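We count ligands from 1, going down the list as the structure has it; atoms in each ligand are counted the same way. All figures in this text were calculated on a predicted structure; none of them were measured in a lab.
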Amino acid sequence: MHGPGTDRKDGHHLVPLGEARDHVLARCRSLAPIECDLVDAAGAVLAAPVRAAHDVPPFANSAMDGYALRAADSAGAPVTLVVVGAVMAGEVPAVPVGAGQAVRIMTGAPVPDGADAVCKVERTRPGEPGTVVIERSVDAGENVRAPGEDIAAGDEVFAPGTVLTPAHVGVLASLGVEAVTVHPRPRVAVLATGDELVSGPAPLAPGKIRDANRPALLAQLAEDGFVPVDLGRVGDDPDAVADALERGGATADAVVVTGGVSVGDRDVAKEVVGRLCDDMRWMQVAIKPAKPFAFGIMTASGVPVFGLPGNPVSALVSYELFARPALRQRAGHGNVDRPRLAAVADADLRRRADGKLHLMRVVASAGPDGTVRVRPVAGQASHQLRSLADADGLALVPDGDGVRAGEAVEVLVVDADRLAGPDRPWGW
Ligand code: AMP
Ligand code: MG
């Protein structure tokens, strides 16, 4: 008897995706905070609050090139004022502004004492020598940037958990901050296993294939903001796999191994992960691709190991669903998942009922009305890596006979930039 949650082909109990993810995420805590130079901090997650040591802007300054004046003097505009000086950005005003007077001022220059507004140069014209004609009245405070208007001294500028963007780096630089307390980017070691694997351009010997997973995962880790560590390639030899995994545990914050986690005679990686971890859990997850998955915390090092399937699409999808969120959690992120969008199928997303969630490779485009539309990419088997390279996302096609054209489907967006698409013109 095969109920839901049981693989129809091999009778293994299938673990729901959510349960498998929860198992992993519950065991991958954030890394202890470190001090990080501000220049290296973009992408990192703040682990301690930052307070402002001073106001930003630090002093009242002009928002325009123009004339600093007393707003009251401009009431009967046009009016002529006597120009008593000039102040450039970076200077200190030499003279105050009295009644009937103005000081030529540039954007960012301190507003002289006595002045309470700036009239932009486009609203003025030269008068008699030594004077300026103010053509329109200005209100008190107009075109003056008040001290502390952006950030007040003592403010908590950014709270722990903030993901630092270039704008955050700019703000922190404006406050004189040179180092911040952040969660470190996890160092992640990658090992490929398989007797059939070779690398490089030499002609392939019979039965051999080139290792695609390790370069792909190293690249993915770098793209995701982690620090990739290459453990190389080993055959299906338990001692060699164990040595490499232990090396990974000693030098990295997480280890990813591909191949050898299924039910084949030479699937040794899962046995070795079991040997090195007290709590290894091997799962048949109710998804396609990427059904087999092994996970544990290495006893010697406390480092998590992700045992991903060898089929290249399965390896990357398994990374995407388990390793990436767990590693983001290690990096301190609260938001660990890719965006999931409500989309409409542009073509049928066909499948058979098998008790699993299918993650179908799709190309996505946002139509002129902003609706995301998806079409399946040709070649959905788990060894067909090229179609993953062509895909923008993974459509989450629930168990059943698929999604018909025109029906709604949820999509995990793996390449949001491509969603912008040439068919989404700027109509502004
Ligand atoms: P396994 O999970 O070891 O049973 O491997 C499943 C399939 O993935 C087999 O066809 C392997 O040859 C293939 N495979 C395993 N590792 C890699 C790799 N690093 N690069 C490309 N294909 C691989
Ligand atoms: Mg193998």
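Ion pairing between a basic and an acidic side chain is recognised when a charged N comes within 4.0 Å of a carboxylate O; Arg51 and Glu156 show such pairing. Residues Asp267 and Lys270 are not paired through a salt bridge, judged by the lack of any N-O separation under 4.0 Å between the basic side chain and the carboxylate. The pair Asp390-Arg361 does not count as a salt bridge, with every side-chain nitrogen at least 4.0 angstrom from each carboxylate oxygen. Salt bridge status for Arg104 with Asp65: absent, with no side-chain N to carboxylate O gap under 4.0 Å. Using a cutoff of 4.0 Å between basic side-chain nitrogens and carboxylate oxygens, Lys291 and Asp354 are not scored as salt-bridged.
For Gly264, the heavy-atom gap to ligand 1 stays at 4.0 angstrom or more. The closest approach between a heavy atom of Gly194 and any atom of ligand 1 is not below 4.0 Å. Note on ligand 1: His383 sits outside its first shell, no heavy atom being nearer than 4.0 Å.
Considering backbone and side-chain atoms alike, Glu196 places an N or O below 3.5 Å from some N or O of ligand 1. Annotation: Gly260 places an N or O atom under 3.5 Å from an N or O atom of ligand 1; distance criterion only. Polar contact with ligand 1: present for Ala212 (N/O pair, distance under 3.5 Å).
Those atoms of ligand 1 that come under 4.0 Å of a heavy atom in Asp267, given as number and element, are 3 (O), 4 (O). Every atom of ligand 1 is numbered from 1 in the order shown, and the set under 4.0 Å from a heavy atom of Gly259 is 2 (O), 3 (O). Of all atoms in ligand 1, listed by their number and element, those nearer than 4.0 Å to a heavy atom of Pro312 are 21 (C), 22 (N). If you number the atoms of ligand 1 from 1 as listed, the ones under 4.0 Å from a heavy atom of Asp211 come out as 18 (C), 19 (N), 20 (N).
Between the Asp195 side chain and the Asp236 main chain, a donor and an acceptor come within less than 3.5 Å of each other. Remark: the backbone N or O of Arg281 is not paired with any side-chain donor or acceptor of Asp279 at under 3.5 angstrom.
The nearest heavy-atom contact from the protein to atom 17 (C) of ligand 1 is Asn213 ND2, 3.3 Å. The protein heavy atom nearest to atom 6 (C) of ligand 1 is Asn311 N, 3.6 Å.
If you look at Phe293 and Phe322, their ring centroids are closer than 6.0 Å.
Selection from Gly310, Pro309, Pro215 by nearest heavy atom to atom 8 (O) of ligand 1 gives Gly310. Distances from atom 22 (N) of ligand 1 to the heavy atoms of Ile209, Asp195, Val313 show the closest one on Ile209.
Of all the heavy atoms in Ala173 and Leu38, the pair that sits closest is N-CD2, 3.6 Å.
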